[in-house]
Amino acid sequence: MKKLFTTFLIAVLTLSFAGCAPQKTVQENIAVAEAGAAESVEAGSDAAIQEEPAEPKEITITHDLGETTLLTRPEKVVTFDYATLDSLRELEITMTGLPKSNIPTYLEEFEAEQYESVGTLFEPDYEKLVALKPDVIFISGRQIELYDELSKIAPTVFLPAPSDDYLGDVRSNLEILGEIFEKEEEVRVKISEIESSIKNIYEEASQLDKNALVLMINEGALSAYGPGSRFGMIHETFGFTPVDAGIEVSKHGQSISYEYIANKNPDYLFVIDRAVVAGGAVSTKEAFDNALMEGTKAYQNDRIIYLNTQIWYVASGGIKGTQIMLDEMKQALLN
């Protein structure tokens, strides 16, 4: 009986205290809720402020033709260089205008009407450029003489086509694009991937007990390119030993004959067919269908490598184009 009384007393006291508590508890809860809501709003405001992109800043780019001052993250972008077009696409930069004649096949999406045609690689449409009011214009070697005129229309940046220091030139051009469009981290990743692939190819090719000749053919006419030439990266960058280290360094290569090829007898023959971009009636394979060529080690061992002329001759140095070039070198090493 005593135990039941004690239990009853505790229950009554509990209900009594509970009845006195609600008013204070509700007020405290409201205060806590209001404080929490204020913190959430403040935190949300801070997050919104942090997510807002910084304003474009003025930078000055130093290049081989001078200095160009412009704002970062330009929106109206024009390029007269297909390698730069390639890299801008890979960096997800929206294009405004470009020359639409002879666009390489792997960039044919830019033939669409949404992209303005701004002339040719050698003859800009100045009236169209003035109307477009671009924020930046990119040029390369084919437009060197046009730099001053184009600079009067918009900030113009010169990005040279890679030469014997292929990797160094590609790295420099990409770093400039990264700075202009504030894509430095993306560029670092791309450069790292390219460097790694080149290192692997160079190590394997340089250890081969085989040599190579780089050849351009144009309607049956033959030109050889060696170290230090526009296609010298096959030797200096990718590691293939030249069959002839004394080939004349010339823009158009050293004129050679089929007898020269037969005499040098290269293990590898890398071929660039200019007719692919310039037009022509004589196919490379038809030109090589002769006894002198058939007697070479390159012919007999299926080591005549037909390179992508659109990239090697017109658009070398872009991110995607470089990857295609690297894939061709990897494939050559499998033969």
Side-chain angles (χ1 to χ4, degrees), residues 55-104 107 110-112 114-163 165-166 168-184 186-187 190-191 230 251 311 313-322:
E55 289 294 318
K57 60 179 181 290
E58 186 176 88
I59 58 172
T60 297
I61 300 297
T62 301
H63 50 83
D64 291 349
L65 300 184
E67 293 185 342
T68 301
T69 299
L70 71 162
L71 293 177
T72 57
R73 303 201 309 273
E75 295 181 356
K76 292 184 178 181
V77 181
V78 168
T79 181
F80 284 88
D81 176 51
Y82 292 135
T84 302
L85 177 66
D86 169 349
S87 294
L88 291 174
R89 180 183 67 175
E90 295 301 305
L91 294 173
E92 300 182 343
I93 303 301
T94 301
M95 291 301 305
T96 300
L98 67 145
K100 290 189 175 182
S101 59
N102 298 320
I103 295 178
L107 296 172
F110 292 103
E111 294 175 352
Q114 70 189 81
Y115 304 105
E116 296 285 347
S117 178
V118 294
T120 71
L121 291 174
F122 299 97
E123 297 181 1
D125 184 337
Y126 290 106
E127 185 176 345
K128 176 66 71 63
L129 287 172
V130 170
L132 284 177
K133 298 179 180 179
D135 297 315
V136 63
I137 299 174
F138 292 103
I139 66 171
S140 191
R142 292 177 174 86
Q143 300 85 34
I144 285 181
E145 301 300 324
L146 308 174
Y147 175 72
D148 289 339
E149 287 301 314
L150 292 172
S151 295
K152 296 175 183 177
I153 298 173
T156 301
V157 177
F158 174 74
L159 300 177
S163 55
D165 183 14
Y166 187 87
D169 292 335
V170 168
R171 183 191 298 112
S172 176
N173 288 349
L174 290 181
E175 287 175 346
I176 288 176
L177 293 178
E179 183 178 359
I180 291 174
F181 293 97
E182 297 183 351
K183 295 266 189 178
E184 289 92 340
E186 291 93 328
V187 164
K190 298 294 185 183
I191 291 174
R230 64 187 299 182
K251 179 180 179 180
I311 293 174
Y313 188 69
V314 179
S316 68
I319 294 173
K320 180 64 175 179
T322 295

Exercise for the section: Measure the CD-NZ distance between E116 and K128 for me, rounded to the nearest 0.5 Å. Expected result: 4.5 Å
Problem - Residue list, side chain to side chain donor-acceptor pair (under 3.5 Å) with T322, at least two apart or on another chain - result: Y166
Completion exercise
Hits for side chain to side chain donor-acceptor pair (under 3.5 Å) against K57, two or more places apart or cross-chain, chain-then-number order -> E182
Exercise for the section: Any pair with a residue in residues 143-156 that passes salt bridge (Lys or Arg N to Asp or Glu O under 4.0 Å), sequence neighbours left out, goes on the list, sorted by first then second residue, please. Expected result: E149-K152
Problem - All side chain to side chain donor-acceptor pair (under 3.5 Å) counterparts of S87, not counting sequence neighbours - result: none
Would you list the atom pairs, donor with acceptor, under 3.5 Å between side chains in residues 168-180 and any protein atom, with sequence neighbours excluded?
| from | atom 1 | to | atom 2 | distance (Å) |
| --- | --- | --- | --- | --- |
| D169 | OD2 | S163 | N | 2.9 |
| D169 | OD2 | S163 | OG | 3.2 |
| R171 | NE | E195 | OE2 | 3.2 |
| R171 | NH2 | E195 | OE2 | 2.7 |
| N173 | ND2 | P160 | O | 2.9 |

If you look only at distance, which donor and acceptor atoms sit under 3.5 Å apart when one is on a side chain in residues 90-103 and the other is two or more places apart or in another chain?
| from | atom 1 | to | atom 2 | distance (Å) |
| --- | --- | --- | --- | --- |
| T96 | OG1 | V77 | N | 3.1 |
| K100 | NZ | A112 | O | 2.7 |
| K100 | NZ | Y115 | O | 2.5 |

Exercise for the section: Quick one: list whatever passes ring pair (Phe, Tyr, Trp, His ring centres under 6.0 Å) with Y313, sequence neighbours left out. Expected result: none
Exercise for the section: Please report the closest heavy-atom contact between A83 and A315, naming both atoms and the distance. Expected result: CB-O, 3.6 Å
Exercise for the section: Under the ring pair (Phe, Tyr, Trp, His ring centres under 6.0 Å) rule, collect the residues that match up with Y147, sequence neighbours excluded. Expected result: H63
Practice task
Mind checking the CG-CZ spacing from L146 to F158? Nearest 0.5 Å is all I need.
Solution key: 11.5 Å
Exercise for the section: Name all residues meeting the side-chain contact (heavy atoms from CB on, under 4.5 Å) criterion together with E127; count only those two or more places apart in sequence or in a different chain, and write none if there are none. Expected result: D125
Exercise for the section: Kindly determine whether E186 and F181 satisfy side chain to side chain contact (heavy atoms under 4.5 Å, CB included), including the steps that lead there. Expected result: CA-CA 11 Å; E186 291 93 328; F181 293 97; over 6 Å; no
Practice task
Rounded to the nearest 0.5 Å, what's the gap from CD on Q143 to CG on L150? Could you check?
Solution key: 8.0 Å
Practice task
Take atom CD of E184 as the centre, draw a 6.0 Å sphere, and report whether it contains more than 12 heavy atoms from other residues, nucleotides or ligands.
Solution key: yes
Handout entry: Any donor-acceptor pair under 3.5 Å from T68 side chain to I61 backbone
Key = no
Problem - Euclidean distance, L85 CG relative to K320 NZ, rounded to 0.5 Å - result: 14.0 Å
Fill in the blank from the handout: Sorted by chain and residue number, the salt bridge (charged side-chain N to carboxylate O under 4.0 Å, His left out) partners of K251 (sequence neighbours excluded) come out as none
Exercise for the section: List for me each residue that meets side chain to side chain donor-acceptor pair (under 3.5 Å) alongside Y82, sequence neighbours excluded, and say none if there are none. Expected result: none
Donor-acceptor pairs under 3.5 Å, side chain of residues 129-141 to any protein atom, not counting sequence neighbours: which ones?
| from | atom 1 | to | atom 2 | distance (Å) |
| --- | --- | --- | --- | --- |
| D135 | OD2 | E75 | N | 3.0 |
| D135 | OD2 | K76 | N | 2.8 |
| S140 | OG | L159 | O | 2.9 |
| S140 | OG | A161 | N | 3.3 |

